Participant: 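A single structure is presented below for examination.
Below, read A as the first sequence line, B as the second, and so on, with proteins coming before strands; counting in each chain starts at 1. Please read these numbers as outputs of a predicted model, since none were measured by experiment.
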Amino acid sequence: MSDVLSAPHVMEFPYTRSTGPVVGAFLTGLRDQKVLAYHSSDGTVVCPPPEYDAHTVAPVEAAKLIEVASEGVVTSWSWNPAPRDGNPFDRPFAWALVKLDGADTSMLHALDAERGAIETGMRVRIRWAAERVGFINDIACFEPAGG
Amino acid sequence: MSGKLAAVLGTGQTKHVSARKDVSIAGLVREAADRALADAQLEWKDIDAVVVGKAPDMFEGVMMPELYLAEALGALGKPMFRVHTAGSVGGSTAVVASHLVQGGIHERVLTVAFEKQSESNAMWALSIRIPFSQPLVAGAGGYFAPIVRGYIRKSGAPLDTGYKVVLKDRLNALKNPFAHVHDHEITYEKIAESPLLWDPIRYAETCPSSDGAAAMVIGSEAAAAKQDRPVAWIHGTSVKSEPTMGAGRDRVNPHAGRMCAQEVYKEAGITDPFRQIDCAEIYVPFSWFEPMWMENLGFAEEGTGWKMVQDGTTSLTGEMPINMSGGVLSTNPIGASGMIRFLEAANQVRGMAGEHQVPDAKVAMGHAYGGGSQFFAMWVVGSEKPTS
């Protein structure tokens with residue numbers, strides 16, 4: 001097929017986000033090095049917190065969010081050998097699901113560790129960004145917690 | 001009507017504004033849904049399925065937002081559907097929801113439509129020059145202005161017809177607490193002197209950019225029988241489509257719109273829409289679309305719709321009130337705009353439209369269109385059960 005039409009197309013316009021009371025509180029917590037979670041009506045602690053309770057459909061109240069630890073355990077992971085633009089690192093790293101101590105659910109973030117050192121069940125902790133603005137990237141990544 | 005009986009049990013909408021910075025998209029849709037449930041005096045457990053509509057995802061940049069809205073709309077473990085028909089989506093979403101009840105599948109369906117225009121810029125999202133496609137040239141106004149010019153040329157309508165539509169709708173909006181634009185200072189002169197954006201459309205003749213959501217609970221005959229408050233019976237629904245471009249296509253008076261109107265009237269047992277329909281909420285994002293749709297819907301003979309604007313027929317106290325709520329010209333959360341038309345029609349026949357109520361409205365029409373005047377959705381609702 002040599003007669004396929006082809007043309008470049010660059011599209012750009014700004015998007016904004018109003019985060020609302022719950023996601024907003026979670027992101028603001030990260031700025032202050034706090035990870036907030038929701039104590040769900042079924043007893044589980046969900047982190048990051050949802051805006052509505054999955055079981056009662058009730059709105060989650062930001063004032064009732066609880067703090068969980070900044071350390072936890074890897075529940076699953078995937079090695080990223082060829083990072084792309086916009087990834088947190090320009091060198092190979094892992095995407096990991098991390099269950100923070102005090103939470104019953106896992107959150108996804110980057111894990112900066114040697115591939116051979118990563119295993120499900122390993123202890124990791126948050127490496128905070130030096131400058132925090134109230135965004136998910138205030139967690140620069142997870143790193144091995146040692147011990 | 002077709003299938004089993006269905007009725008609107010409750011409605012809800014947000015106060016439409018240019019930017020709801022205090023809520024997420026989930027919070028916005030939930031507000032409308034909570035109000036519809038409260039109006040219907042129902043709880044989340046009473047809802048069997050959820051049908052969501054919004055305009056193209058590019059408008060907020062959240063891909064398939066319905067997936068993340070399942071929690072906010074109490075849809076976990078229930079069927080949830082998304083409808084896509086551009087600007088007409090609020091109307092066709094309500095039609096899909098009503099069909100789930102008319103088909104006997106569900107007892108009560110929650111239908112919700114929204115747009116949070118403040119999260120991006122729909123006009124520029126509609127202005128991209130996609131390779132090998134005709135550019136819209138600066139948004140919807142750039143696309144529709146030549147069609148309006150075509151209407152003026154064919155009908156010989158006076159050039160101030162559009163001003164009179166806006167003046168009426170913006171004055172109506174002052175009676176609607178949920179409307180976005182509340183301009184207490186509006187005058188004919190101010191409209192006539194506002195900047196010309198796309199000849200012949202002036203700034204004051206265009207819809208605002210709104211954040212807002214609308215919701216309805218649609219229920220079966222058995223569900224309606226349990227309600228204490230008035231319901232709006234669905235007498236007819238129709239959805240029709242045609243392509244954006246095409247040789248011989250009449251974009252002033254689109255064939256799909258005429259077909260849609262004929263079908264909804266047939267289903268509702270209406271043979272003389274002007275006499276049998278008490279009022280209508282129709283999708284008018286630019287002033288001139290009121291007279292154009294009056295003709296497309298068969299309320300006026302072709303080429304004469306503008307006379308009903310000029311002589312006050314379409315005013316709130318006229319013989320055929322149009323857009324009693326202030327219409328899209330006063331409120332435009334795009335995806336929700338069609339549903340607001342359907343919802344306002346339902347509230348009219350429920351006698352619950354508030355200050356913009358048409359006295360004794362028994363039969364009302366909701367209308368939406370989208371794309372390049374190519375997707376149409378309509379319903380006719382009544383205060384009494386349909387007999388046809």
Side-chain angles (χ1 to χ4, degrees), chain A residues 1-30 36-65 86 104-108 133-136, chain B residues 14 17-31 33-34 37 42-47 50 57-63 65 68-78 110 114 116-133 135 138-139 209 211:
Chain A
M1 290 288 285
S2 59
D3 57 348
V4 174
L5 292 169
S6 171
H9 177 52
V10 178
M11 185 176 74
E12 209 171 298
F13 43 86
Y15 287 110
T16 57
R17 284 290 176 270
S18 299
T19 53
V22 179
V23 178
F26 173 75
L27 294 175
T28 303
L30 297 182
L36 297 179
Y38 172 59
H39 199 143
S40 174
S41 63
D42 71 344
T44 56
V45 175
V46 183
C47 180
E51 295 183 82
Y52 296 89
D53 188 289
H55 308 281
T56 65
V57 200
V60 169
E61 292 177 53
K64 292 191 179 169
L65 296 178
D104 295 302
T105 62
S106 302
M107 65 183 285
L108 178 71
V133 296
F135 193 55
I136 192 65
Chain B
T14 57
V17 295
S18 56
R20 276 297 299 274
K21 291 184 178 166
D22 61 317
V23 289
S24 61
I25 291 173
L28 186 74
V29 298
R30 175 61 177 254
E31 200 171 295
D34 275 336
L37 282 175
L42 294 169
E43 296 175 31
W44 287 100
K45 64 176 173 50
D46 300 318
I47 299 300
V50 180
D57 291 352
M58 198 193 289
F59 288 1
E60 287 97 348
V62 179
M63 296 305 117
Y68 113 90
L69 293 175
E71 259 167 0
L73 293 173
L76 297 183
K78 296 177 183 177
L110 171 70
F114 72 92
K116 206 161 186 300
Q117 287 218 54
S118 67
E119 310 237 327
S120 185
N121 189 317
M123 190 179 107
W124 295 111
L126 285 170
S127 304
I128 52 175
R129 248 193 117 91
I130 296 171
F132 318 120
S133 299
S209 174
D211 281 4

Participant: Calculate, to the nearest 0.5 Å, the distance between atoms CZ and CD1 belonging to A:R17 and B:I25 respectively.
Facilitator: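 Reported value, rounded in 0.5 Å steps: 5.5 Å.
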Participant: Please report the closest heavy-atom contact between A:S18 and B:V23, naming both atoms and the distance.
Facilitator: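 Scanning both residues completely, I find the closest heavy atoms to be CB-O, 3.2 Å.
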Participant: Between B:K116 and chain A, which part of the residue has a heavy atom less than 4.5 Å away: side chain, backbone, both or neither?
Facilitator: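 Looking at B:K116, just its side chain touches chain A.
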Participant: If you compare all heavy atoms of A:P14 against all heavy atoms of B:S120, which two are closest, and at what distance to 0.1 Å?
Facilitator: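 Scanning both residues, the minimum pair turns out to be O-OG, 3.1 Å.
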Participant: Measure distances from A:P59 to the heavy atoms of chain B and classify the residue's part below 4.5 Å as side chain, backbone, both or neither.
Facilitator: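 Backbone plus side chain of A:P59, per the 4.5 Å heavy-atom cut-off to chain B.
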Participant: Which bit of A:S6 comes within less than 4.5 Å of chain B, counting heavy atoms only: side chain, backbone, both or neither?
Facilitator: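 For A:S6, the contact with chain B is made by the backbone alone.
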Participant: Which atom names give the shortest non-hydrogen contact between A:P50 and B:E71, and what distance separates them?
Facilitator: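 Here A:P50 and B:E71 meet closest at CB-OE1, 3.7 Å.
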Participant: So which atom in B:M58 and which in A:Y15 form the shortest heavy-atom distance, rounded to 0.1 Å?
Facilitator: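 Heavy atoms of B:M58 and A:Y15 come nearest at O-OH, 2.6 Å.
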Participant: Mind listing the closest non-hydrogen atom pair of B:A26 and A:Y52 along with its distance?
Facilitator: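 Heavy atoms of B:A26 and A:Y52 come nearest at O-OH, 3.7 Å.
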Participant: Looking at NZ of B:K21 and OG1 of A:T19, how far apart are the two atoms once the value is rounded to the nearest 0.5 Å?
Facilitator: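 It is 12.0 Å, given to the nearest 0.5 Å.
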Participant: Could you give me the CA-CA distance, side-chain angles and deciding distance for B:R30 and A:V57, then say whether side-chain contact (heavy atoms from CB on, under 4.5 Å) is met?
Facilitator: CA-CA 10 Å; B:R30 175 61 177 254; A:V57 200; 3.6 Å; yes
